[in-house]
Amino acid sequence: MSILASLQKSTIESLEALFGQSFTEKDFQVNQTKPEFEGDYTVVMFSLVKSLKQSPDAIGNQLGEHLTKNYPQLFSAYNIIKGFLNLSVADSYWLTLLQEQYNDICFGKQPISGKKVMVEYSSPNTNKPLHLGHLRNNFLGWSVAEILKANGNTVLKSCIVNDRGIHICKSMIAWEKFADGKTPQSTNTKGDHFVGEYYVKFNDEYKKEIATLVGGGMPAADAEKEAPIMKATQQMLQDWEAGKPDVIDLWKKMNGWVYEGFDITYKTIGSDFDKMYYESNTYLLGKDIVQTGLDKKVFIRKPDGSVWIDLTADGLDEKLVLRKDGTSVYITQDIGLAQQKWDEYNIDKSIYVIGDEQNYHMKVLQLICKKMGVPYADDIHHLSYGMVELPTGKMKSREGTVVDADDIVAEMENEAKQKTEELGKVKDFAQNELSALYHTIGLGALKFFLLRVDPKKKMIFNPEESIDFHGFTAPFIQYNYARIKSVLRKNEFIKDKSIGTNFLPLEKELIVSLERYGSVIGEAANELNPSAIAIYIYNIAKTFSSFFAEHSIANAETEEKKQLRLYLASMTANVIKSGMQLLGISVPERM
RNA sequence: GGUCCGGUAGCUCAGUUGGAUAGAGCAUCAGCCUUCUAAGCUGAGGGUCAUUGGUUCGAAUCCAAUCCGGAUCACCA
């Protein structure tokens, strides 16, 4: 049990003993004590004043007295300032914690609870390479999955690949028209980048054709539909759906190129999946559910044959679920795929990591599920994250204004290489060790940069300014980890040696922070928010860094102090490594 | 226009769900390497928490109105 939970429990027991009423942890608030006051945790008295009809200080005195007298193993002292009861946790509590946990790599994590969660993330299109926005999605999804695991859930990572549709046909048409038989191999280009070039080519050509038509006097709206390359693309989509062999062959060939490219990127950034869904397999799903919905009168069929759901009563609009020709739309397959996930895996919760531009869509999906009365409707959760934008605005693959994923990773690794060489601390590393280190630092800095902010906030990335390696960054945390490991390599624990009986302020601050790790994992899991972990780990590293500058471990005043500090350092290293792992960031033994 | 999200230091962001004098990093300035890794440490300056009103012991946090920015409201996905 965490010290916070113990404090809540003992406070309830004390209040009940003192005042003969029953209480819950919601009747009072517990905070960490501000550094300018004496104590570790603070119980705020004001909320108790009304029901107890006594002054805050009077209640605080009785409670503080009762807690220190009856729970001496937990609390050693108290003071009251303006209605805040500040409690000092007994040093023996922290010392015991340290002795028991200093070398436990599972510290803070929950045992398996049996809950099964699916996290869908990444969801790429097979007509272009991944960009910085996809990286935010990938890092978030992967990290949330790890955080949920650490909190006791069984997690399945899934991915729906957007591998068919008009946008895929666009790059296919452009390749047919302009490539002259070129391939990724013949041009020595990564497959996803190769295909992406033709997606851009399509749009260039499409714009030209529109301009010509408009120049000839056609209204712009008509020109968009009448442009020959667009008509050819639409014909190709129909041929694809009809299964025309040469189109299918081309589709398979070009998707194959993209997958070869994606495999490399996913391997580099450390994304993995337990289950792949392909839209080419799922796009017909959901049609039978629409029929059920019609029978249940959840959906309505209009005279032209199209099927709709009326969500105006819920503050939304009428939404199409089936076209008049009977073909399905985006939401139709999502309804079907949601069902399939439950049928296949018997999951308790389904999390979709999707950008906030699709908030409306996901709301509609959930509402439809509710109205259909499916049992999992409330267990669908949209983890909505903000877009990554450039100072000039949104990134657009069509127009080539994107920060490419492969490029930015390579740049970060290169940056790591330069800085490492400047510092010259690892001159004895072999070449493969060096490249591994650059990867760890460069990718770590990038992941941390994208994960340290609240997911739901949009973020602006300025390619002109390089991502920092100092301060609130992964390299700073990694650096502190490496410093600890260095100390631990040079100084051995002494068996059965006592670790003394008290703490200096920075030692205390560190152990109090370390103790909170489990609670932080719990919070991050509840809120699906990796930034909670990032901020916490950074603060641990920062506290350690101050401590490290202030006090010597190797030359501590006494053997006891040295042992205590070695334990503290060891536990700090474990928590840093564990927390960074939840973010998908590894930590080097040296740097 | 409807719905939703956001506005905190020059910049990028925290702010424990209503608690004590609003905190970090970057940038600026001043110190600190003959001792465990200076990708570091210590200190300084920097704030009308968009604005106005309300709720109460107490508001950056909750409510209302207003201003500004963004997303979305396709027989696209």
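Just so you know, these numbers use all the heavy atoms, side chains as well, and skip hydrogens, waters and symmetry mates.
When each of A/Lys50 and A/Lys419 is assigned the nucleotide of RNA chain B bearing its nearest heavy atom, the one mapping closer to the 5' terminus is A/Lys419. When each of A/Glu357 and A/Arg483 is assigned the nucleotide of RNA chain B with its nearest heavy atom, A/Arg483 is the one assigned upstream, toward the 5' end.
Taking only distance into account, the side chain of A/Asn86 meets the base of B/A20 through a donor-acceptor pair shorter than 3.5 Å. Contact of A/Ser531 with B/A14 (side chain to base): no donor-acceptor pair of N or O atoms is detected under 3.5 Å. A donor-acceptor contact under 3.5 angstrom links the side-chain atoms of A/Asp304 to the base of B/C75.
Protein atom CD of A/Glu318 is 22 Å distant from nucleotide atom P of B/U72, rounded to whole Å.
Contact check, A/Ser486 against B/U37: a side-chain N or O comes under 4.0 Å of OP1 or OP2. Between A/Lys490 and B/C36 there is no side-chain N or O to OP1 or OP2 distance below 4.0 Å.
A/Lys324 comes within contact range of at least one nucleobase, with a heavy-atom separation under 4.0 Å. A/Ser384 comes within contact range of no nucleotide atom at all, as no heavy-atom separation falls under 4.0 Å.
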**Prompt:** Just by protein heavy atoms under 4.0 Å, how would nucleotides 2-12 of chain B read 5' to 3' in B, S and -?
**Reply:** -SS--S----S
**Complete:** Read 5' to 3' with Watson-Crick or G-U pairs under 3.5 Å, [ ] for crossing pairs and | for partners on another strand, RNA chain B gives (((((((..((((.....[...)))).(((((.......))))).....(((((..]....))))))))))))....
**Prompt:** Does the pair A/Tyr330 and A/His361 meet the rule for a ring-ring contact (aromatic ring centres under 6.0 Å, His included), with working shown?
**Reply:** CA-CA 9 Å; A/Tyr330 181 35; A/His361 174 79; 4.1 Å; yes
